[in-house]
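A short worksheet on the structure shown next.
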Amino acid sequence: NTDNNTTTESTDPPQRFTRKEILTLISVASVNFGSMICYSILGPFFPTEAVKKGASQTVVGLIFGCYAVSNLISSLVLGKYIVQIGAKFMLIAGLFVSSCCTIIFGFLDRAPAGPIFISLCFVVRSLDAVGFGAATMSAFAITAKIFPNNVATVLGILEIFAGLGLILGPPLGGWLYQTFGYNVPFLFLGCLMLIMVPFNIYVLPSIEAVPSKDSFFRLLTHVKTILVCYVIFTLSAGVGFLDATLSLFAINRFGLSNGYVGLIMLGLPLVYILASPLMGYFTDKYPATRVAFLVTGGIAATIGFCLLGPAPFLHIQSQLWLLVVMLGLIGFSLAMSVIPTFPELISCAYEIGFEEGLSTLGMVSGLYEAVWCTGTFYGPIVGGIIVQHLSFEWAAVVQGGLAFLGVSISAYYIWRPWPLLT
C-alpha cells in the first residue's frame, strides 16, 4: 500500500493522513454512526407498539435477540468470503440492505396484528442484522487494510461516532415518535442511510486481494485468540445486560423518571467515547501493553459491576451517585478493553502463519463481530433470568465474575511459568 507505507527517516515530522485515508475515515465513520443510530432507535417506543399489535414481552425480547443471532451467523459467512464478494461491495450492499429494512420497519404498524406482524418483525429485523453485519465487518477490514500501522488509533476515533449513534438514537427516535408518529423515525433514518450509499460508492477505495485457504477453526486453535475472544464476549455481555436491566432497576430503586434514567445511562457511552481515542493512541504507540490493558480493563469492570448494585455481600447501601460513578468506570474499562482486542486478534492470526491481506482481515473481523454478537445475545437473556429469580445486584455480580475470570486467565497467560500450547 504505497499511500501509507512511504515512510521517511525518523528525524522527519510524523506522516499525515493521505487524501485516500481521510476519505476512508469519513466513509467508515458515517457507516458506524448511521448503523448504530438505526440499531438503537427502537428502544424508546417499539416495545409499546409491539405489545399493542399482540406481541408478548417475551416475543419482543426475541425480536431484539434475533438481531444478534442473524448478525453472528452472517458475520462468520461473510467474513470468510469477503475477498470473493469484495470489501467495498459488501459495505455498500450491507448499507443499502440495512437502510431499506429500516424504511420497511416504519410501515410494519400497518400489518395485521398477531402472527403476521410478529413474523414480519422477525424477518425484517433479521435482514437488517445481515446488512448491518456486512457493513460494519467490512468497515473493520477496510480500516485495518488502509491503516495497518494505526489500527487501534483509528478504531478509537471511529468508536466516537459509533458511541454518538448509540447516544443519539434513543432520544431522537423518541422525539420523532412523539412528534410525528411511528413511521417517521424509521423513514427519516432509513433515507439518511440511503443517501450514504452513493457517497460511499464515490469515496471508498477498491481493494484487490487474493482469497486465503485459512479458516476460522485454525484461528481458534491459538490459545491467545480464545482468550481475546472471551474478553470480547464478557464486554458485549456486560453491555447487553445493562441495556436490558439497568433502567428498570434505577426506576424501582431510586424512583426516577424515564428521562432521568436516560441521562444516567449516558454516563457509560460518554466516558467510553472520550476515552477510546486515548486508548487507541497508547495501544498503537506501545503494542506490548495490549494484554496489560485487557487485564486492567477487566479489573475495572469487575469493580464496576460489583459496586453497581452494590453486591449484597459488601453490605453497602445503594446510592445514586455510586451507580453513576460505576457506570463511568465500566465505560472506561470498556475503552481499555475493546480498543486493543481487534489489533490483538490480527496479531494472533499473523503469529500462527496467516497471510497478511484482506482475506485474513475479513476473517478476523467476522470472528470479532460473531463473538460480540454472542455476548449481546447472552447478556440480556441470562442477566434477565438472574434478575427475575434473584436480583439486579446478584446479576451484576455474575457479570463482574465473568470479567474477573477473564482477568485471571489473562494474568496467568502473561506470567505463566511454562509456555502454553498454541
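Residue numbers run from 1 in the order of the sequence given.
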In Å and rounded to the nearest 0.5 Å, what is the CG to CD1 distance from L158 to I339?
9.0 Å

Side chain to side chain contact (heavy atoms under 4.5 Å, CB included), paired with S126, selected from S70, C101, S74:
S70

Rounded to the nearest 0.5 Å, what's the gap from CD1 on I167 to CG on L270? Could you check?
4.0 Å

Going from CD1 on I104 to CG on L120, what distance comes out if it is rounded to the nearest 0.5 angstrom?
10.0 Å

Would you call the rings of F180 and W175 parallel, tilted or perpendicular, where under 30° means parallel and over 60° means perpendicular?
perpendicular

Closest heavy-atom pair and its distance - S333, G297:
CB-O, 3.2 Å

How would you list, by chain and number, every residue that makes a side chain to side chain contact (heavy atoms under 4.5 Å, CB included) with S35, sequence neighbours excluded?
V31, F132, T136, M193

Over 60° means perpendicular and under 30° means parallel, so tell me whether F313 and W394 are parallel, tilted or perpendicular.
tilted

Taking the inter-plane angle between the rings of F305 and F241 on a 0 to 90° scale, is it parallel (under 30°), tilted (30 to 60°) or perpendicular (over 60°)?
tilted

Nearest 0.5 Å please: distance from the OG atom of S337 over to the CD1 atom of I330.
11.5 Å

Look up atom CD1 in I103 and atom CG in L194, then write down how far apart they are to the nearest 0.5 Å.
5.0 Å

Taking K88 for its side chain and I201 for its backbone only, find out whether a donor-acceptor pair lies under 3.5 Å.
yes

Does a side-chain heavy-atom distance below 4.5 Å link R253 with Q319?
no

Measure up the Y368 and W372 rings against each other and bin them: parallel (under 30°), tilted (30 to 60°), perpendicular (over 60°).
parallel

Do F233 and Y378 pass the ring pair (Phe, Tyr, Trp, His ring centres under 6.0 Å) test, and can you show the C-alpha distance, the side-chain angles, and the key distance before you say yes or no?
CA-CA 9 Å; F233 169 79; Y378 164 91; 5.1 Å; yes

Spacing of OG belonging to S365 relative to CE belonging to M90, to within rounding of 0.5 Å:
10.0 Å

Could you tell me which non-hydrogen atom of N32 sits nearest to which non-hydrogen atom of E159, and how far apart they are?
ND2-OE2, 4.5 Å

Closest contact, heavy atoms only, C121 versus F105
O-CE1, 4.0 Å

Nearest heavy-atom approach of N71 to G133 is OD1-CA, 3.3 Å

Main-chain N/O of T234 paired to Q399 side chain as donor or acceptor, under 3.5 Å
yes

Taking S27's backbone N and O only, do any of them form a donor-acceptor pair with S30's side chain (distance below 3.5 Å, no angle check)?
yes

Please check this pair: side chain of N200 against backbone of M196, looking for a donor-acceptor N/O pair closer than 3.5 Å.
yes

Side chain to side chain contact (heavy atoms under 4.5 Å, CB included) filter on I195, not counting sequence neighbours, yields none

